[in-house]
S.K.: 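One structure, as structure tokens, below. Some questions next.
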Amino acid sequence: MEKKIAQAIQSYFTSHYQITVPEAQLALQETKKEFEGDLTFVLFPFLKATAKKPEDLGNELGNYLVANVPGISSFNIVKGFLNLVLANNYWNELLKDFYTNGIPQPTQGQGKKVMVEYSSPNTNKPLHLGHLRNNFLGYSIAEILKACGYDVVKANLVNDRGIHICKSMIAYQKEGKGETPQSAGLKGDHLVGKYYVLFDAAYRKEIKALMEEGKTEDEAKKKAPIMLAAQDMLLRWETGDPETIKLWKTMNGWVYEGFNETYTTIGVDFDKMYYESDTYLLGKTTVEQGLKAGVFFKKEDGSVWIDLTAEGLDQKLVLRGDGTSVYITQDMGTADLKYDEFKMDRSIYVVGNEQDYHFVVLKHILKKLGRPYADGIYHLSYGMVDLPSGRMKSREGTVVDADDLVHEMITTAEARTRELGKIEDFSSEEANKLYRMLGLGALKYFLLKVDPKKSMLFNPEESVEFQGNTGPFIQYTHARIAAILRKATQLKVLPSAADIPVDYAVHEAERNVLTLLKDFPVKTEEAAETYSPALVANYVYALAKEFNRMYNELPIIGHNTATEQAYRLILCTLTKRTIRQAMLFVGIEVPEKM
RNA sequence: GGCAUCGUAGUUCAAUGGAUAGAAUAGGAGUUUCCUAAACUCUAGAUGCAGGUUCGAUUCCUGCCGGAGCCA
């Protein structure tokens, strides 16, 4: 419809004023609620070229559109805004079409492959709130892209080696006494995290002691015996020392068990796992290629650099003088590895905004190296989750643990549900499933409704809401609709499209819901293009809100005509379906009853 | 110091350069013999400061102030 109108406006300007208006300038917007109409065209930009007053131009154009575009019944002009009113038959045909054929889905991704890399944890400590934002974002964007027709590969690059892992290992060797997750009664990732903390405590104690002996802080940090032991262990790991490798495998095994449990609980998964222990040596041959091609240059000390000053950046190290890798060396290698296997058109890295600079550099390098996939790289850079006191700091014990938080959310959901006492007929299994659904729904919605690019605040003192603009509000609306449809089934009054006459006088509340349903594919497409699940989250909230308004204002079953009843039941079905779909895009399940 | 980023009701979040800046929550007042009150209705409350571009700026540009970040 919007397209038809835009085309009509375009041809009007061409034929009456000999002006060619680019399509981009012909965007119609939805009419604000306080004005009469459905679609609005802004006249201001065209006043100069036509030498008309807004009133006159609006009248001419309005009359032309009413006469030439079927489906527009009338118009009005407020200041420079031309508001178009769509006819009942337009709305009714739309409803019937949606009901028989479904609401269309975007298709821009058909035939294209995209990789979404997300999660990418370190195996030295458990996941925290920031990781949850990452995981939910990655999973959600993958779902949204799938819905647009993309072939999506979800990847996870696990940082399973390096000095941080050795720290946990050293502390375990010193103080572990053969402890296991079973003997300690701890999830594996938490057990390993415990030793990481122990390392840090011992390390700081040693630094303090050395400083009291008169060493500077820098010296003390370098000379602390426990740190030297960790560095030594890293070397032994690299040479493949059997004992070290054995311990490493054991402890990483514990961590993976713990992570998998968390992943299962929060409902995320991966198609392809990468491990840094396999990939950390990659990229060195790329450096050689780059040197030959003149993309990189070598300094006297043998270190290899790229000069990006022409791009407004600076010089960046890509290989150390002793021939060891830096992060970006590995990333170059891994990028090749991924592309060789999947040949994807686009590659999305879900990584925090602290690495913005890193990814700008990586993309520049890959472009200069002439990699065919370089343009398809996109860094989905998201903001940190901050606490009222500022950034989460493990050292200060202010890290919000992912498992703890998820558990707390589920417990809260249970308490709230029991208070309301609406599910007495549920088995305990069904009830537990619902608590998980609601607790995770609240948490995921809380994290995803915010624009990913922005940093956001989490206050541990206040629990995540279950009322208002929240996941459970939307889940509730779904359950409410399900209840209505159950009743309709019982009464055998389920409608068919044939029950709706094309001239049915659409009620305003009905039209508002239908307008939002019509927006679903548009919003999905926009969310995919801007990599923002927040658009879907805010959309589905608006839909639920609008449905509840209608529910409150208009009776659905009974107390109305058969046509009204059929019309509203169809709206119920469509709304329920759309809520479910949209919520799945943000990784949230919805209940039939709550 | 350089680079990039953010600043909107008490608080947490919205707003392709468009109309009277939307929600939620906290505050105040209401709605249940009828489809789920985790809902609905009403009320009060905000664009850091100073310029500029524009018919029109929360949005674009410049400077300042303030917060968190990356690079040395």
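Labels below follow one simple rule: chain letters A, B, ... track the order of the sequence lines, proteins then strands, and each chain is numbered from 1. All values derive from a computational prediction rather than experimental measurement.
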S.K.: Centroid distance below 5.5 Å plus an interplanar angle below 30 degrees: do A:Phe473 and B:A39 meet both conditions?
M.R.: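 Taking the rule of under 5.5 Å and under 30°, the ring of A:Phe473 does not stack on B:A39.
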S.K.: When rounded to the nearest Å, what value does the distance between C1' atoms of B:U43 and B:A50 take?
M.R.: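 Straight-line distance between the two C1' atoms is 35 Å.
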S.K.: Take A:His379 and A:Asn353 through the test side chain to side chain donor-acceptor pair (under 3.5 Å) and record every step on the way to the result.
M.R.: CA-CA 9 Å; A:His379 174 204; A:Asn353 63 10; over 6 Å; no
S.K.: Rounding to an integer number of angstrom, what distance separates B:G48 and B:C6 when you compare their C1' atoms?
M.R.: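 Rounded to whole Å, the distance is 12 Å.
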S.K.: Taking atom C1' in both B:U33 and B:U47, what distance in whole Å separates the two?
M.R.: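 Approximately 48 Å lies between the C1' atom of B:U33 and that of B:U47.
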S.K.: Could you run through nucleotides 65-72 of chain B and give me one letter per nucleotide, 5' to 3': B if any protein heavy atom sits under 4.0 Å from the base, S if only the sugar-phosphate is that close, - if neither?
M.R.: ----SSS-
S.K.: Side chain of A:Lys545: nearest nucleotide among B:A24, B:G18, B:C13?
M.R.: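 For the A:Lys545 side chain, the nearest candidate turns out to be B:A24.
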S.K.: Taking only the P atom of each, what is the distance from B:C49 to B:U59 in whole angstrom?
M.R.: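 Going atom to atom, P in each nucleotide, I get 11 Å.
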S.K.: Counting any heavy atom closer than 4.0 Å, what does A:Leu313 reach on the DNA or RNA strands: base, sugar-phosphate only, or nothing?
M.R.: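 No contact at all - A:Leu313 keeps every heavy atom at 4.0 Å or more from the nucleic acid.
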S.K.: Given the rule in the side-chain contact (heavy atoms from CB on, under 4.5 Å) test, do A:Arg416 and A:Gln467 qualify, once you have shown the distances and angles that lead to the verdict?
M.R.: CA-CA 11 Å; A:Arg416 184 91 184 100; A:Gln467 280 172 11; 2.3 Å; yes
S.K.: Any strand is fair game: report the nucleotide pairing with B:A21 by Watson-Crick or G-U wobble, both distances under 3.5 Å, or none.
M.R.: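 Check on B:A21: unpaired, no WC or wobble geometry under 3.5 Å.
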S.K.: Suppose you measure atom P in B:U25 against the same atom in B:C40; what distance do you get, rounded to whole Å?
M.R.: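 Rounded to whole Å, the distance is 8 Å.
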S.K.: When you measure from the side chain of A:Met594, which nucleotide among B:A14, B:U20, B:A38 comes out closest?
M.R.: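 In terms of side-chain proximity for A:Met594, the closest of B:A14, B:U20, B:A38 is B:A38.
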S.K.: Quick one, A:Thr324 with A:Leu319, criterion side-chain contact (heavy atoms from CB on, under 4.5 Å). Give me CA distance, side-chain angles, the key distance, then yes/no.
M.R.: CA-CA 6 Å; A:Thr324 57; A:Leu319 194 69; over 6 Å; no
S.K.: Of the options B:G18, B:C13, B:C34, whose atoms approach the side-chain atoms of A:Val450 most closely?
M.R.: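 Nearest to the side chain of A:Val450 among the choices is B:C13.
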S.K.: In whole Å, measure the gap between the P atoms of B:U8 and B:A46 for me.
M.R.: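 Between the two P atoms, the distance is 14 Å.
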S.K.: Quick check: on RNA chain B, is the nucleotide nearest A:Lys487 upstream (toward 5') of the one nearest A:Val42, or the reverse? Name the residue that is more 5'.
M.R.: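 That would be A:Val42.
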S.K.: Spell out yes or no: do the side chain of A:Thr477 and the base of B:A39 have one donor N/O and one acceptor N/O closer than 3.5 Å?
M.R.: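 Answer no: no donor N or O sits under 3.5 Å from an acceptor.
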S.K.: Say we look at B:A44 and B:A21: how far apart would their P atoms be, to the nearest angstrom?
M.R.: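 One P to the other, the span is 13 Å.
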S.K.: Can you check the A:Lys453 NZ to B:A15 C1' distance for me, whole Å?
M.R.: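 From A:Lys453 NZ to B:A15 C1': 14 Å.
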S.K.: If you apply the rule side-chain contact (heavy atoms from CB on, under 4.5 Å), what do you find for A:Arg549 with A:Asn512, and how did you get there?
M.R.: CA-CA 10 Å; A:Arg549 260 196 260 270; A:Asn512 288 339; over 6 Å; no
S.K.: Using a 4.0 Å heavy-atom cut-off across all strands, classify A:Lys422 as base, sugar-phosphate, or nothing.
M.R.: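 The residue A:Lys422 makes base contact.
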S.K.: Backbone N or O of A:Glu589 within a donor-acceptor pair of the A:Gln475 side chain at under 3.5 Å?
M.R.: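 Answer holds: yes.
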S.K.: Are A:Lys454 and B:U12 close enough that a side-chain N or O sits under 4.0 Å from OP1 or OP2?
M.R.: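 No, A:Lys454 has no side-chain N/O under 4.0 Å of OP1/OP2 on B:U12.
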S.K.: Between A:Tyr17 and A:Phe46, is the ring centre distance below 6.0 Å?
M.R.: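 Not close enough - the centres of the two rings lie 6.0 Å or further apart.
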S.K.: Give a yes/no verdict on a cation-pi contact between A:Lys299 and A:Trp305, requiring under 6.0 Å between NZ or CZ and the six-membered ring centre and an angle within 45° of the axis.
M.R.: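 Yes, A:Lys299 and A:Trp305 form such a contact.
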S.K.: Does B:C13 have OP1 or OP2 under 4.0 Å away from a side-chain N or O of A:Lys449?
M.R.: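 It does not, given that no N or O in the side chain of A:Lys449 lies less than 4.0 Å from OP1 or OP2 of B:C13.
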S.K.: Where the side chain of A:Gln29 is concerned, which of B:C40, B:U16, B:C13 is the nearest nucleotide?
M.R.: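 For A:Gln29, the side-chain atoms sit closest to B:U16.
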S.K.: Please give, in whole Å, the distance from B:A26 P to A:Asn469 CG?
M.R.: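 To the nearest whole Å, that distance equals 13 Å.
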S.K.: A:Gln467 has an atom CD; how far is it from atom P of B:C40, in whole Å?
M.R.: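 In whole Å, B:C40 P lies 10 Å from A:Gln467 CD.
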S.K.: Indicate, with a heavy-atom threshold strictly under 4.0 Å, whether A:Asn548 touches base, sugar-phosphate, or nothing.
M.R.: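 If one applies the 4.0 Å heavy-atom cut-off, A:Asn548 turns out to touch the sugar-phosphate alone, with no base involved.
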S.K.: Has A:Phe81 got its ring stacked on B:A19, by the test of a centre gap below 5.5 Å and a plane angle below 30°?
M.R.: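 According to the criterion (under 5.5 Å, under 30°), yes, A:Phe81 stacks.
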S.K.: Can you check the distance between B:U31 and B:A37, where both ends of the measurement are the P atom (answer in whole Å)?
M.R.: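 My reading of the P atoms in B:U31 and B:A37 gives 16 Å.
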S.K.: Ignoring the backbone of A:Met456, work out which of B:U20, B:A38, B:C13 is nearest its side chain.
M.R.: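 Among B:U20, B:A38, B:C13, the one nearest the side chain of A:Met456 is B:C13.
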S.K.: Of all the nucleotides listed (B:C35, B:U36, B:C34), which has the minimum atom distance to the side chain of A:Ile557?
M.R.: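 For the A:Ile557 side chain, the nearest candidate turns out to be B:C35.
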S.K.: Within the modelled atom types, does a donor on one side and an acceptor on the other bring the side chain of A:Thr417 and the base of B:A38 under 3.5 Å apart?
M.R.: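 Result: at least one qualifying N/O pair found.
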S.K.: Kindly point out which of B:U16, B:A14, B:A19 is positioned nearest to the side chain of A:Asp451?
M.R.: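 Out of B:U16, B:A14, B:A19, the nucleotide with an atom closest to A:Asp451's side chain is B:A14.
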S.K.: Measure from the side-chain heavy atoms of A:Arg549 and tell me the nearest of B:U36, B:U41, B:U16.
M.R.: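 Of the options given, the side chain of A:Arg549 lies nearest B:U41.
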S.K.: Write down the distance between CD (A:Glu34) and P (B:A15), rounded to a whole number of angstrom.
M.R.: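 It works out to 18 Å between those atoms.
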S.K.: For B:C64, give the paired nucleotide (Watson-Crick: N1-N3 plus N6-O4 or O6-N4; G-U: N1-O2 and O6-N3; both under 3.5 Å), or none.
M.R.: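 Its partner is B:G48 (Watson-Crick or G-U wobble, both distances under 3.5 Å).
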S.K.: Could you state the atom-to-atom distance from CG of A:Asn552 to P of B:A39 in whole Å?
M.R.: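 The distance from CG of A:Asn552 to P of B:A39 comes to 12 Å, rounded to the nearest Å.
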S.K.: Measure from NZ or CZ of A:Arg133 to the centre of the six-membered ring of A:Tyr382 and say whether it is under 6.0 Å with the direction within 45° of the ring axis.
M.R.: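 No, A:Arg133 and A:Tyr382 do not form such a contact.
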S.K.: Can you find a donor-acceptor pair, distance only, under 3.5 Å between A:Asn83 side chain and B:A19 base?
M.R.: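 Checked by distance alone, the answer is yes.
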S.K.: For A:Lys48, answer base if it contacts any base atom (sugar-phosphate contacts may also be present), sugar-phosphate if it contacts only those atoms, and nothing otherwise; contact means non-hydrogen atoms under 4.0 Å.
M.R.: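 Result for A:Lys48 = sugar-phosphate.
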S.K.: Do any side-chain nitrogens or oxygens of A:Arg480 fall under 4.0 Å of OP1 or OP2 in B:A37?
M.R.: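 A:Arg480 to B:A37 OP1/OP2: side-chain N or O found under 4.0 Å.
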S.K.: Given the rule in the side-chain contact (heavy atoms from CB on, under 4.5 Å) test, do A:Asp386 and A:Met392 qualify, once you have shown the distances and angles that lead to the verdict?
M.R.: CA-CA 6 Å; A:Asp386 291 327; A:Met392 285 191 282; over 6 Å; no
S.K.: With heavy atoms under 4.0 Å as the rule, sort A:Thr40 into base, sugar-phosphate or nothing.
M.R.: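 Result for A:Thr40 = base.
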S.K.: What does B:C42 pair with, Watson-Crick or G-U, if both distances are under 3.5 Å?
M.R.: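 Here B:C42 is engaged in a pair, and the nucleotide opposite it is B:G28.
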S.K.: Using a 4.0 Å heavy-atom cut-off across all strands, classify A:Leu317 as base, sugar-phosphate, or nothing.
M.R.: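 Nothing, no heavy atom under 4.0 Å.
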S.K.: A:Phe547 has an atom CZ; how far is it from atom P of B:C35, in whole Å?
M.R.: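 Atom-to-atom, A:Phe547 to B:C35, this comes out as 14 Å.
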S.K.: From CZ of A:Arg416 over to P of B:A37, roughly how many Å is that when rounded to an integer?
M.R.: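 These atoms are roughly 13 Å apart.
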S.K.: Which sits closer to the 5' end of RNA chain B, A:Phe44 or A:Tyr541, going by the nucleotide each is nearest to?
M.R.: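 Comparing both residues, the 5'-ward one is A:Phe44.
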S.K.: Look up atom CD in A:Glu2 and atom CD in A:Glu30, then write down how far apart they are to the nearest 0.5 Å.
M.R.: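 Output value for this atom pair is 7.5 Å.
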S.K.: With sugar-phosphate meaning primed atoms plus P, OP1 and OP2, does A:Ile556 contact a base, only sugar-phosphate, or nothing at under 4.0 Å between heavy atoms?
M.R.: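 Since a base atom lies under 4.0 Å of A:Ile556, the category is base.
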S.K.: Under 3.5 Å for both donor-acceptor distances, Watson-Crick or wobble: does B:U36 have a partner, and if so which one?
M.R.: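 Looking at the geometry, B:U36 pairs with no nucleotide.
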S.K.: Counting heavy atoms not belonging to A:Lys453, are there more than 12 under 6.0 Å from its NZ?
M.R.: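 At most 12 heavy atoms, drawn from other residues, nucleotides or ligands, come within 6.0 Å of this atom.
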S.K.: With a cut-off of 6.0 Å (strictly less than), are more than 12 heavy atoms of other residues, nucleotides or ligands near NZ of A:Lys593?
M.R.: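 It does: A:Lys593 NZ has more than 12 such atoms within range.
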